[in-house]
Every structure is written in structure tokens, then in C-alpha cells.
Amino acid sequence: MKKSPWQQRIRRAEELASVHPYAAEMLRFYALLTGFQEKLYRKLETASNRTPMPASHKQLAGPPELPELLSSFGEFLSFVKEVGPARSAEIADELKGQDQRSWGGFLNQFWSGSAAADSSESESLFARSFLQPYAELLRHRAAMQWPGYSHSLCPFCNRKAGLGVLRQMGDGGQRSLICSFCLAEWSFRRIVCPSCGEEDNRKLPVYTAGEFDYVRVECCDSCRRYLKTVDLTKNGLADAVVDEIAAAPLDLWARQQGYSKIEPNLVGV
Ligand SMILES: [Zn+2]
Ligand SMILES: [Zn+2]
């Protein structure tokens with residue numbers, strides 16, 4: 001049987017954890033988180049078959065509609081408390097002490113894209129990892145294609161890109177962006193900053209280094225933002241989402257050069 005996308009990511013995370021000891025803890029947590037997300041996805045899929053959702057959703061409308069979603073958040077917090085890195089486990093414990101209403105509050109805020117105003121970074125990170133499977137489910141249901149779409153925000157949920165990917169096309173690589181939330185992928189021109197739209201290639205330096213020579217740190221000297229792009233033409237075994245996480249030393253390097261990431265990944269880097 002063909003492995004699900006979650007199973008493929010888990011397997012890749014385990015492989016990378018065994019060769020990059022510094023990233024092992026992070027990758028193992030990511031693998032467990034991905035397992036949790038797959039289970040949640042399946043549960044929501046079943047629940048939404050019972051309560052049909054409007055089929056015409058072409059965009060992420062809010063707030064999230066399934067009661068099964070909010071009722072699973074406590075389980076998610078217990079999971080992070082048990083297996084998450086120390087700091088996340090501590091936050092999960094604090095959040096467990098709040099009531100369902102305040103959970104609903106910050107989850108809805110994140111969902112509607114207004115979280116930045118008054119939620120903490122860690123609440124946003126929790127909301128993102130927990131709500132992601134539902135966003136993916138709605139995106140799969142909407143079965144959208146985006147021919148000709150050329151903007152820098154996600155065509156489905158309007159979020160920023162979390163990473164880029166280069167896939168073989170003709171003699172070169174075609175760049176796509178991957179949404180930091182619903183994981184939609186859409187084509188995006190190579191010589192354009194996804195954050196500010198800069199098109200002057202002298203202001204768009206690209207760095208690669210050492211053992212991650214297939215991961216490009218694509219920077220912008222106009223807005224000082226960056227994202228990492230996984231070059232599948234150089235490493236066909238890579239899984240863009242997972243390899244982006246494993247290449248954490250490049251994030252450290254980019255921050256030291258004064259760049260900040262367009263959007264953090266699922267482990268908050
Ligand atoms: Zn999206
Ligand atoms: Zn820029």
C-alpha cells in the first residue's frame with residue numbers, strides 16, 4: 001500500500017534524525033507531531049462526512065466548523081505535554097489550565113488570520129500545528145487548481161509561504177512556494193522576494209552551505225527577510241517540508257547575518 005504523505009514525512013524525519021544528531025530531538029518531535037496530525041485528519045475526515053461541509057468553499061472561511069475539532073484540543077495539549085520539547089510541554093501545561101472558551105478564542109483568531117494582534121508566538125505555533133490538518137482537509141475537499149496564480153500569499157488560505165521547493169522543469173528548476181499553514185503549493189517566479197516583491201537579483205542573494213548544499217537560503221537585502229528552498233533537482237530523496245526543518249543550522253546562520261524568516265516552521269524555527 002502506498003504510504004500516506006504523513007507516513008512519508010515521518011519516515012524522512014526518522015532518516016534525517018539518525019544522520020543529523022543536532023536536529024534529532026526536533027525531528028523526532030516533528031515525527032510524533034505528524035503522527036498526531038494524521039490521526040486528527042482522519043478523525044475530522046470521518047466527522048465531516050457525517051456533517052457535510054459546504055462544497056463551494058474556495059477559500060478558508062472561518063471560524064472552524066467541526067465540534068470534533070475543538071474537543072480534540074485537550075488531547076493535543078496532553079500529547080505535547082508528554083512528548084514535546086521542555087518549553088512547549090510547559091506551555092501545553094499552562095494552556096491546559098484554561099477553559100475551552102479561551103482555547104476557542106485563540107484558535108478562531110489564528111484561523112481567521114488575526115492572531116498576530118494579541119496572541120503570543122507560542123499560542124500561534126500551537127494553533128498552527130493543531131489546525132493544520134483541518135486546513136489541509138478543507139483544501140483537499142475544495143480540490144482547487146491555481147493556473148496562472150502568481151502572488152506571494154497562499155491562494156487558498158491567504159497565509160505567507162513557509163518554504164520553497166525547486167522541481168525539475170526542462171533544463172532548470174521551477175520554484176514553488178509551500179504555504180506555512182495549509183501546505184498548498186503554487187508556482188512562484190525565482191527572482192522575486194516573496195516578502196516584499198523585490199526583483200533586482202543583486203539584492204536577492206542565495207546561500208548554500210556544507211552538508212545541506214541542496215537547501216538554498218534565499219535572502220532579500222531590501223526587506224531583510226529570507227526563506228529556505230529545498231532543491232529537489234539536487235536531492236531527489238528530500239521531502240521539502242522535513243528537510244527544511246532539518247536544515248536548522250542555516251536558519252541560525254541567516255539570523256546571524258541579520259535576516260529574519262518570513263514565517264517559522266512547525267517546530268518554531
Ligand atoms: Zn494555505
Ligand atoms: Zn524582500
Side-chain angles (χ1 to χ4, degrees), residues 5-6 9 34 37 40-41 44 53-54 56-65 69 107-116 124-165 175-207 216-230 239-241 244-245 250-251 254-255 257-266:
W6 294 275
R9 281 180 228 144
T34 304
Q37 286 189 327
L40 181 60
Y41 182 96
L44 298 174
M53 295 180 290
S56 60
H57 277 179
K58 299 272 186 258
Q59 286 223 309
L60 206 57
E65 289 158 31
L69 187 65
L107 290 175
N108 284 342
Q109 272 182 350
F110 184 85
W111 187 265
S112 62
S114 57
S124 300
L125 187 61
F126 272 70
R128 191 210 312 259
S129 356
F130 174 71
L131 292 172
Q132 187 172 66
Y134 189 48
E136 271 192 277
L137 175 65
L138 295 184
R139 181 170 60 76
H140 291 153
R141 289 271 159 90
M144 298 280 295
Q145 300 285 328
W146 306 282
Y149 184 85
S150 61
H151 302 284
S152 59
L153 295 179
C154 172
F156 182 65
C157 76
N158 217 33
R159 304 298 167 114
K160 292 176 186 166
L163 68 151
V165 58
R175 179 167 78 163
S176 307
L177 299 178
I178 296 181
C179 176
S180 56
F181 186 36
C182 75
L183 300 181
E185 182 177 330
W186 70 100
S187 305
F188 193 73
R189 283 166 54 208
R190 273 179 81 155
I191 317 291
V192 181
C193 166
S195 181
C196 73
E198 179 60 74
E199 297 184 12
D200 181 347
N201 68 356
R202 288 164 304 183
K203 293 184 179 161
L204 298 169
V206 174
Y207 302 95
R216 300 153 54 91
V217 186
E218 299 179 332
C219 302
C220 174
D221 286 335
S222 292
C223 66
R224 305 299 292 172
R225 309 304 288 264
Y226 79 96
L227 60 57
K228 304 212 297 293
T229 288
V230 179
D239 179 301
V241 172
E244 196 278 338
I245 291 175
L250 300 178
D251 293 280
R255 280 201 300 273
Q257 311 309 308
Y259 296 108
S260 61
K261 204 171 191 179
I262 292 178
E263 198 67 17
N265 59 30
L266 268 197

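Just so it is clear, the values below take in all heavy atoms, side chains as well, and ignore hydrogens, waters and symmetry mates. Indexing begins at 1, ligand by ligand and atom by atom, following the structure's order.
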(request) Can you label the angle between the Tyr41 ring and the Trp6 ring as parallel, tilted or perpendicular, going by 30° and 60°? (result) tilted
(request) Please determine if Arg159 forms a cation-pi arrangement with Phe110, meaning its NZ or CZ atom is less than 6.0 Å from the six-membered ring centre and no more than 45° off the ring axis. (result) yes
(request) Side-chain contact test, heavy atoms from C-beta onward, threshold under 4.5 Å: evaluate it for Glu185 versus Leu177 and give yes or no. (result) no
(request) Look at the rings of Tyr207 and Tyr259 and say which category their plane angle falls in: under 30° parallel, 30 to 60° tilted, over 60° perpendicular. (result) tilted
(request) Decide whether Arg225 and Ser260 meet the rule of one side-chain donor and one side-chain acceptor closer than 3.5 Å. (result) yes
(message) With heavy-atom distances below 4.5 Å as the criterion, would you say the side chains of Pro155 and Met144 are in contact?
(response) no
(request) Less than 2.8 Å from the Zn ion (ligand 1) is the window; count the protein N, O or S atoms in it. (result) 4
(request) Quick one: the SG of Cys193, the Zn ion (ligand 2), SG of Cys220 angle, rounded to 10°, please. (result) 110°
(message) Please report, to 10°, the angle around the Zn ion (ligand 2) from atom SG (Cys196) across to atom SG (Cys223).
(response) 110°
(request) Would you check if Phe181 and Arg139 make a side-chain contact, meaning some heavy-atom pair closer than 4.5 Å? (result) no
